[in-house]
Amino acid sequence: MAEWWKSSVVYQIYPRSFSDSDGDGIGDLRGIIERLDHLDELGVDVVWLSPIYRSPQDDNGYDISDYTDVDPLFGTLEDLDELIQALHGRGMKLVMDLVVNHTSDEHPWFIESRDPDSAKRDWYFWRPPREGVEPGTPGAEPTNWGSYFMGPAWEYDPASGEYFLHLFSRKQPDLNWENPEVRQAVYAMMNWWVDRGVDGFRMDVINLISKTLPLADGEPSPGLGGLCYDPATVVNGPRLEEFLKEMNAAVGIGERQLFTVGEMLMVDVEHARRYTAADAGELGMVFTFEHVTLDQQPGLSKFDLKPLHLPDLKANLAQWQEGLADEGWNSLYWNNHDQPRIVSRFGDDSEQYRVTSAKTLGTVLHLLRGTPYVYQGEEIGMTNAGYTDIEQYADIESVNYYALATSAGLPVPEVLNGLAVKSRDNARTPVQWDASPGAGFSTGVPWLPVNPNHRSINAAAARADAGSVFHHYRRLIELRHRLEIVREGRFALLEPDHEQLFAYTRSLEGRTLLVLANLSGQAVDVPAGLSVPPDAELLLGTHAEPEPGVLAPWESRVLLG
Ligand code: NOJ
């Protein structure tokens, strides 16, 4: 396989919550350096670092005020250099988060652009108020767009009498990629990082960079204050592929064999195939949202819950496996810093089934074709935060949603339940390293409380227990490294309509890998028609003594024939 990242496993670090070396309650770069043995033992190949750049931290670093410096919260550029060297010394690569759909409103570019006469005015989307409406009053916004963090996507600037666009918080103004100077400044910054030793980029909401002009009203979304929250209005704009190709050429992404993954809202498999085709010169892979929106009411917000129907999940993953089989490449993920914990979401985080269901979910994902991502804490089966009060939440999206939904009259218990299940803070509680009071994360007061279950669920315990989720993930990663069939084998879904069983094969050169997984708390008979290869070897399983023909609750098996 030519591209090295196609046989890699990526580990995502959300630095704020990973490991705090100086006791200020916030994770930092030196904390990461101290924990590299954990990653080494797990066997991952690449670390993706969520933003550590200078930032007012309105959105925990996804609001950047200096792209070429490290925020003092996290350390210094020298610490980062040391991390790069330490990773490279262990044979691992480093991928940086690239957040260039927007900057912070405290970035010097934006500060300069506030002046209507400045050369940078056009670096952002400044627009006059809607005609006939008093500027600064509701409805005077240039379009009816809602921001992803709720409320209008436009902020009024009384000094110039104009509005600026922010698809996320009002402290995250959108850059105008139509302006070639903006693009050149971004490419120069990327080159600066690659020259410093980084191995690639995870590109934040990258399919928002090309906007359809002129910016125009969209269909109002149901139930959310008459604004249009439909991403279709702003994603996959007409110049997206042109910009990506230009970026590739300017940064030498192909020649320098850089890792790229683009986070994309509303991306379907056809788009993904185009963007990730070998000769497209656009992206290595994309992050789709399709499989993580199957437990929400269609057309409504992510907090409007719906139980997962397993056949939907299987059909979706299969569609991506098949759609990118001959062209393009898949990313494989359950978790990241924006998603609830998978064991609490599609698994069962009760004491009885937490370990088994976490292992089985890991199995069904890691044996697909693509590049798997492990989000910090997933490898030890960390669970959701279990918050019951709005005061416990720190995340801007969660806090804003609560305000909007309760003021629109939604019952508080319903809103809190939506947050408990889906809030991004579920992923952001500190990594549970050991059973000590600060969970080994910090000697100070953690910025977000550690989950009390760290006394039993923690990395030290998991590493010492051969039957833990950690060692299961380690074995899955080892299988990918060892077996070409895991990296390359052709995927086929079995029993698509079965509501408990997730079964599939991977085939290569006459051999078959069979994955059998029970994604439920009830035992399941293995359907008679399901062909287990004769003399198949059991490569990995969740149970010591598997019973022929029956899968115990949450049991999974991986067979090679
Ligand atoms: C996607 C990131 O993953 C998320 O955390 C962030 O809030 C938005 N993009 C805005 O940058």
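Start at 1 and go down the list; that is how both ligands and their atoms are numbered.
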Cationic N near anionic O, under 4.0 Å, Arg30 to Asp79 = yes

Carboxylate-amine/guanidinium proximity below 4.0 Å for Arg341 and Glu378 | no

Residues passing the side-chain contact (heavy atoms from CB on, under 4.5 Å) test with Arg369, sequence neighbours excluded, are Gln321, Trp329, Glu488, Arg506

Modelled atom types, side-chain donor and acceptor of Asn426 and Ser423, under 3.5 Å | no

Please tabulate protein-ligand N/O pairs under 3.5 Å for ligand 1, atom names and distances to 0.1 Å.
| residue | atom | partner | partner atom | Å |
| --- | --- | --- | --- | --- |
| ligand 1 | 3 (O) | Arg202 | NH2 | 3.1 |
| ligand 1 | 3 (O) | His337 | NE2 | 2.8 |
| ligand 1 | 3 (O) | Asp338 | OD2 | 2.5 |
| ligand 1 | 5 (O) | His337 | NE2 | 2.9 |
| ligand 1 | 5 (O) | Asp338 | OD1 | 2.8 |
| ligand 1 | 5 (O) | Asp338 | OD2 | 3.4 |
| ligand 1 | 5 (O) | Arg424 | NH1 | 3.3 |
| ligand 1 | 7 (O) | Asp59 | OD1 | 3.4 |
| ligand 1 | 7 (O) | Asp59 | OD2 | 2.5 |
| ligand 1 | 7 (O) | Arg424 | NH1 | 2.9 |
| ligand 1 | 9 (N) | Asp204 | OD1 | 2.9 |
| ligand 1 | 9 (N) | Asp204 | OD2 | 3.1 |
| ligand 1 | 11 (O) | His102 | NE2 | 2.9 |
| ligand 1 | 11 (O) | Asp204 | OD2 | 2.7 |

Is Lys93 positioned over the aromatic face of Trp4, cation under 6.0 angstrom from the ring centre and no more than 45 degrees off axis?
-> yes

For the ring pair Tyr373 and Phe287, is the centre-to-centre distance below 6.0 Å?
-> yes

